[in-house]
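The next block holds one structure in the form of structure tokens; read it before the comments.
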Protein chains: 2
Amino acid sequence: MSRNADGLSIGDVAKATGLGVHALRFFEREELFLRPIPRTAGGQRVYEPADVEWLLLCNRLRESGMPIATVKRFAQLVRSGPGNEAERLALLEEHERTVRDRLADLTASLEIIHDKVLTYRRHVEDGTAAGLWSPASSSQP
Amino acid sequence: MSRNADGLSIGDVAKATGLGVHALRFFEREELFLRPIPRTAGGQRVYEPADVEWLLLCNRLRESGMPIATVKRFAQLVRSGPGNEAERLALLEEHERTVRDRLADLTASLEIIHDKVLTYRRHVEDGTAAGLWSPASSSQP
DNA sequence: GCTTGACCTAGCTCGTACTCTAGATTTTAG
DNA sequence: CTAAAATCTAGAGTACGAGCTAGGTCAAGC
């Protein structure tokens, strides 16, 4: 793994974040990091725990649907130092709204899916499954 | 619009489902419909309300993260008629589990994002924003 | 000191799900 | 009847988010 304490190799970071080494290099090309990642004399990346922390937050942002481009914008704001916190806040608030909307949509879809499941379950248990989703049937697929 | 009652043009269906006409033709190529869509003498598609109902369910399935390939599998099951309801049920139950997991993940991410928002809000309100997300700072980006 | 495994770059490829193009045909409205 | 609007096909293009390949270089353990 790393040569000196707190110096992490790309493989270490991949393990710690669940990302692949390809993804980490891709993120670097896309400038998603908060700093240029330093290299060994031989050219290999040396990460620090703070980079891992940032990546874990990035994971949460991306898993919650934030596109890479927006993560990049956020990273740029952070990189350009103090003074733009209101902008960072606006970006996060906007994303929070998006996530809440998505949660509401997902919950609505879940209800419909669960209804379908209940319908099918009844039909399968009763052995009266015929007639599901023929047009004009009261119970759809 | 349509020539006869209950005969819907592709444009009608696009409006009713929120899908584009391109998407509807794409879905047909991908065999996502429950039946072959009939055509006019001139070759234009004629849909029925039941097709719209099905598409609305498809929208819910897809919005909740079901890939086209799985929707297709479900459509195939429905098309092949009665007798495979247990399979349809299994597919829907599996998807329900997936959606519930996704909901839990999203909720967890939302909490983290909301914490960030609160942190930034405090800092911006206090004017004490400096120091956010410098490594070893207690408050991250 | 040498093998073995991790890592390097650059760029191509992939899967998903549309979306659009182009040019021809059909339908509808006036 | 005519002109405008909608639709048709086949196939190319787009966007995202990686993943993989080729052809090497570097480093750690024995």
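FYI, side chains are in, hydrogens and waters are out, and symmetry mates aren't considered; it's all heavy atoms of this structure. Sequence lines set the chain letters: A, B, ... in the order given, protein chains first and strands last, and positions in each chain run from 1.
Distance B/R39 CZ to D/dA6 P: 19 Å, rounded to the nearest Å. Taking atom CD of residue B/E63 and atom P of nucleotide C/dC18, one finds them 10 Å apart after rounding to whole Å. Taking atom CD of residue B/Q44 and atom P of nucleotide D/dA6, one finds them 12 Å apart after rounding to whole Å. A straight line from CD1 of A/I68 to P of D/dT14 spans 21 Å, rounded to a whole angstrom. Atom CZ of A/R29 and atom C1' of D/dC16 are 14 Å apart (whole Å). Atom NZ of B/K15 is separated from atom C1' of D/dA5 by 11 Å (rounded to the nearest Å). To the nearest angstrom, C1' of D/dA6 lies 15 Å from CG of B/L8. If you measure from atom CZ of B/R25 to atom P of D/dG11, you get 15 Å, rounded to the nearest angstrom.
Using a 4.0 Å cut-off, no side-chain N or O of B/S9 falls inside it from OP1 or OP2 of C/dT27. Dashed line: the shortest gap from a side-chain N or O of A/R45 to OP1 or OP2 of C/dC7 is not under 4.0 Å.
When only modelled atom types and interatomic distance are considered, A/S109 and A/D105 share no side-chain donor-acceptor pair under 3.5 Å. A/T70 and A/H95 share no side-chain donor-acceptor pair at under 3.5 Å.
Between the side chain of B/W54 and the backbone N or O of B/P49 there is no donor-acceptor pair closer than 3.5 Å.
Of the two residues near DNA chain C, B/A41 and B/R62, the one whose nearest nucleotide lies more 5' is B/R62. When each of A/G43 and A/F27 is assigned the nucleotide of DNA chain D with its nearest heavy atom, A/F27 is the one assigned upstream, toward the 5' end.
Taking A/R102 as the reference, nothing meets the side chain to side chain donor-acceptor pair (under 3.5 Å) condition, with sequence neighbours excluded.
Looking at A/H22, its side chain comes within 3.5 Å of the base of D/dC20 through a donor and an acceptor atom.
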